[in-house]
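Everything on this sheet refers to the single structure shown next.
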There are 2 protein chains.
Amino acid sequence: MNAQISDKTVGRLSLYRRLLSNLLREKEEEFVFSHRLARAAGVTAAQVRRDMMVIGYNGSPKKGYAIGDLIESIGYFLDAPGVQTVALVGVGNLGRAILTYFAGRRPNLKIVAVFDNDPNKAGTVISGCRCYAMQDMPEVFKEKKVNTAIVTVPASQAQSVADTLVAAGVRGLLNFAPVNLRVPVSVYVEDMDITTSLEKAAFFARCRMAS
Amino acid sequence: MNAQISDKTVGRLSLYRRLLSNLLREKEEEFVFSHRLARAAGVTAAQVRRDMMVIGYNGSPKKGYAIGDLIESIGYFLDAPGVQTVALVGVGNLGRAILTYFAGRRPNLKIVAVFDNDPNKAGTVISGCRCYAMQDMPEVFKEKKVNTAIVTVPASQAQSVADTLVAAGVRGLLNFAPVNLRVPVSVYVEDMDITTSLEKAAFFARCRMAS
DNA sequence: GTAACGCTGTGATTTATATCACAATGCACT
DNA sequence: AGTGCATTGTGATATAAATCACAGCGTTAC
Ligand SMILES: NC(=O)c1ccc[n+]([C@@H]2O[C@H](COP(=O)([O-])OP(=O)(O)OC[C@H]3O[C@@H](n4cnc5c(N)ncnc54)[C@H](O)[C@@H]3O)[C@@H](O)[C@H]2O)c1
Ligand SMILES: NC(=O)c1ccc[n+]([C@@H]2O[C@H](COP(=O)([O-])OP(=O)(O)OC[C@H]3O[C@@H](n4cnc5c(N)ncnc54)[C@H](O)[C@@H]3O)[C@@H](O)[C@H]2O)c1
């Protein structure tokens, strides 16, 4: 399904949707022009229009894009029918922050289970979410139809946790551990490398100090 | 300085350095081949060699790259002479997790000050780091020579905080708030959009379910 | 009704990024 | 010393992504 759509485009569509939702909530506007959305997203107007092409949404000249319809079209494209469930593994400092943040947000993308190998955590409820022991994973995933997981365990544990997740049926990973996870091609991995990103920011900050 | 080096290359160099450090620590090896480093980093061997070209580091055929020297060369390229200082603004759930993580790590890239507008936090010490009130920023930045900052405040506050940071002399931002920050071209912004990344992982997970 | 305008949709083009492919290199072995 | 061979360094090439530029259209103004 949609074998050809690019990673970058999906990311921008997700961003557009969030911006459009804000626009709808705050400004009570009904239509938006490509250049307006582009400015909010930090891209060019042509880029926005190209992305609209991908999802097959048509605006109208002179009026622009109907915000409500567009949000719906993006949702139709990005979202699962119904609710898509997500698990989180590793309820440490970072895991807890993410869990708290997503609790009660995004109605159609929900963290429904968390896992940790710390026996003090298994069985407890954290930010409204039940924490399970690792060995419960296959059962829980089957019951809750989980196919996406967030990995926030220490780097040394990340590969083995990823293997366990893949074996339990996960096809999408959001990985915060600073390691390149080895997974089958049938699994998608999105890496969030905070350390590298900070080094990039620091490097370019120094570059700009000259100017 | 190095006006032409690409964002992506800098990110990979940072990654290589971390991988090489691990290699040196764990395996006690002295040399590494491009294809070996490539596999660890999840890129192709040609990519690694091209990146080496950028920093002007030369390996030797048949032996590969001298790990120690290479780490040093990358450092010479990426790092500031001495220690580069970083500030963090918004000591909430995410900010605290990041602060704790970086405390006592990376000796040449150090979070030296945190800021929050919550009067209960200003004046306290969190993970070994003094928390200042927002109005102390210009003074602290000048004293500690801060030019890079991490933004972990709520989305609604992010633009105004960014403006304050830029006014205080920051040239590099690592932004976790889900907004496109408007800054002068002389400032570099690296966005970490966790929500969008999670939606990407979920989307491609669904795509892969078919296969 | 119709003319003028400003926006959309999209083929063509440019720019950025990654890969290929192979000559040059230097070590290991004889 | 010479030969073989796996690896480097890099020009050429391929692929991916973004931008340009403009025809065509719907809306508005009159
Ligand atoms: N916190 C940050 O700002 C930050 C920054 C960069 C990278 N990271 C990475 O994110 C990850 C998590 O960081 P953190 O600061 O939350 O660490 P943490 O130590 O606070 O949390 C790790 C959690 O994982 C659990 N865990 C350990 N091994 C496990 C296993 N095999 N199975 C299941 N659970 C296991 C631990 O019990 C703990 O709760 C690490 O890989 C770290 O390198 C974090
Ligand atoms: N936690 C996550 O997993 C997550 C995920 C996606 C995005 N984010 C984004 O990261 C940011 C922080 O998230 P969080 O969960 O840590 O939120 P949080 O509410 O826990 O923390 C925000 C902190 O910022 C401080 N603050 C508020 N306004 C400020 C101002 N004007 N100046 C200085 N400090 C100020 C608050 O006192 C608080 O300590 C938010 O923008 C959020 O959207 C977080």
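Computed from a predicted model, the values in this text were never measured in an experiment. Residue numbers begin at 1 in each chain, while the letters A, B, ... track the order of the sequences.
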Checklist entry - Of all residues at least two apart in sequence or in a different chain, which pass the ring-ring contact (aromatic ring centres under 6.0 Å, His included) check with F115(B)? => result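 By the ring-ring contact (aromatic ring centres under 6.0 Å, His included) rule, F115(B) matches Y132(B), F141(B).
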
Checklist entry - On DNA chain D, nearest-nucleotide positions of D51(A) versus Y65(B): which is more 5'? => result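 The 5'-side residue here is Y65(B).
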
Next on the checklist: Does any part of the side chain of T196(A), heavy atoms only, come nearer than 4.5 Å to the side chain of R18(B), both counted from C-beta?
Outcome noted: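 Yes, at least one pair of side-chain atoms sits under 4.5 Å.
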
Next on the checklist: If you compare every side-chain N and O of N58(A) against the phosphate oxygens of dG9(C) (OP1, OP2), does one of them come in below 4.0 Å?
Outcome noted: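 Result: yes.
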
Identify every side-chain donor-acceptor pair in residues 95-103 of chain B under 3.5 Å, counting partners at least two apart or on other chains, and give the distances.
{"from": "T100(B)", "atom 1": "OG1", "to": "R96(B)", "atom 2": "O", "distance (Å)": "2.8"}
{"from": "T100(B)", "atom 1": "OG1", "to": "S127(B)", "atom 2": "OG", "distance (Å)": "3.2"}
{"from": "Y101(B)", "atom 1": "OH", "to": "R105(B)", "atom 2": "NH1", "distance (Å)": "3.4"}

Next on the checklist: Need two values: the first and the last nucleotide of DNA chain D, 5' to 3', having an atom under 4.0 Å from any heavy-atom of chain A.
Outcome noted: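 Taking any atom under 4.0 Å from a heavy atom of chain A, the span is dA17(D) to dT27(D).
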
For residues 73-83 of chain B, tabulate all N or O donor-acceptor pairs below 3.5 Å that involve a side-chain atom, not counting sequence neighbours.
{"from": "S73(B)", "atom 1": "OG", "to": "D69(B)", "atom 2": "O", "distance (Å)": "3.2"}
{"from": "D79(B)", "atom 1": "OD1", "to": "R17(B)", "atom 2": "NH1", "distance (Å)": "3.3"}
{"from": "D79(B)", "atom 1": "OD1", "to": "R17(B)", "atom 2": "NH2", "distance (Å)": "3.1"}
{"from": "D79(B)", "atom 1": "OD2", "to": "R17(B)", "atom 2": "NH1", "distance (Å)": "2.7"}
{"from": "D79(B)", "atom 1": "OD2", "to": "N108(B)", "atom 2": "ND2", "distance (Å)": "2.6"}

Checklist entry - Can you give one letter per nucleotide of nucleotides 16-28 of chain C, 5' to 3': B if a protein heavy atom sits under 4.0 Å from the base, S if only from the sugar-phosphate, - if neither? => result -SSBBB---BBS-

Checklist entry - Tell me, which pairs form a ring pair (Phe, Tyr, Trp, His ring centres under 6.0 Å) where one or both residues lie in residues 153-186 of chain A, sequence neighbours left out? => result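 Every candidate ring pair (Phe, Tyr, Trp, His ring centres under 6.0 Å) pair involving residues 153-186 of chain A fails, so no pair, neighbours aside, qualifies.
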
Throw together a table of side-chain donor-acceptor distances under 3.5 angstrom for residues 35-42 of chain B, partners on residues two or more places apart or in other chains.
{"from": "R36(B)", "atom 1": "NH2", "to": "E29(B)", "atom 2": "OE2", "distance (Å)": "3.4"}

Which donor-acceptor pairs under 3.5 Å do the side chains of residues 43-51 of chain B make with protein atoms, sequence neighbours left out?
{"from": "T44(B)", "atom 1": "OG1", "to": "Q47(B)", "atom 2": "N", "distance (Å)": "3.2"}
{"from": "R49(B)", "atom 1": "NH1", "to": "S34(B)", "atom 2": "OG", "distance (Å)": "3.3"}
{"from": "D51(B)", "atom 1": "OD1", "to": "R12(B)", "atom 2": "NH2", "distance (Å)": "3.1"}
{"from": "D51(B)", "atom 1": "OD2", "to": "R12(B)", "atom 2": "NE", "distance (Å)": "2.7"}
{"from": "D51(B)", "atom 1": "OD2", "to": "Y16(B)", "atom 2": "OH", "distance (Å)": "2.7"}

Checklist entry - Does anything in residues 33-40 of chain B reach DNA chain D, meaning a heavy atom under 4.0 Å, and if so which residues? => result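 Those residues whose heavy atoms fall under 4.0 Å from DNA chain D, taken from residues 33-40 of chain B in numerical order, are F33(B), S34(B), H35(B).
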
Next on the checklist: Taking side-chain hydrogen bond (donor to acceptor under 3.5 Å, both in side chains) as the definition, give me every residue that meets it alongside D191(B), ordered by chain and number, with sequence neighbours left out.
Outcome noted: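 If we apply the side-chain hydrogen bond (donor to acceptor under 3.5 Å, both in side chains) test to D191(B), skipping adjacent residues, the hits are N175(B).
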
Checklist entry - Which residue pairs pass the salt bridge (charged side-chain N to carboxylate O under 4.0 Å, His left out) test with at least one member in residues 147-158 of chain A, sequence neighbours excluded? => result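 Listed by first then second residue: nothing to list.
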
Next on the checklist: Suppose we screen for salt bridge (charged side-chain N to carboxylate O under 4.0 Å, His left out). Which residues come up paired with D163(A), at least two apart in sequence or across chains?
Outcome noted: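 D163(A) satisfies salt bridge (charged side-chain N to carboxylate O under 4.0 Å, His left out) with no other residue.
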
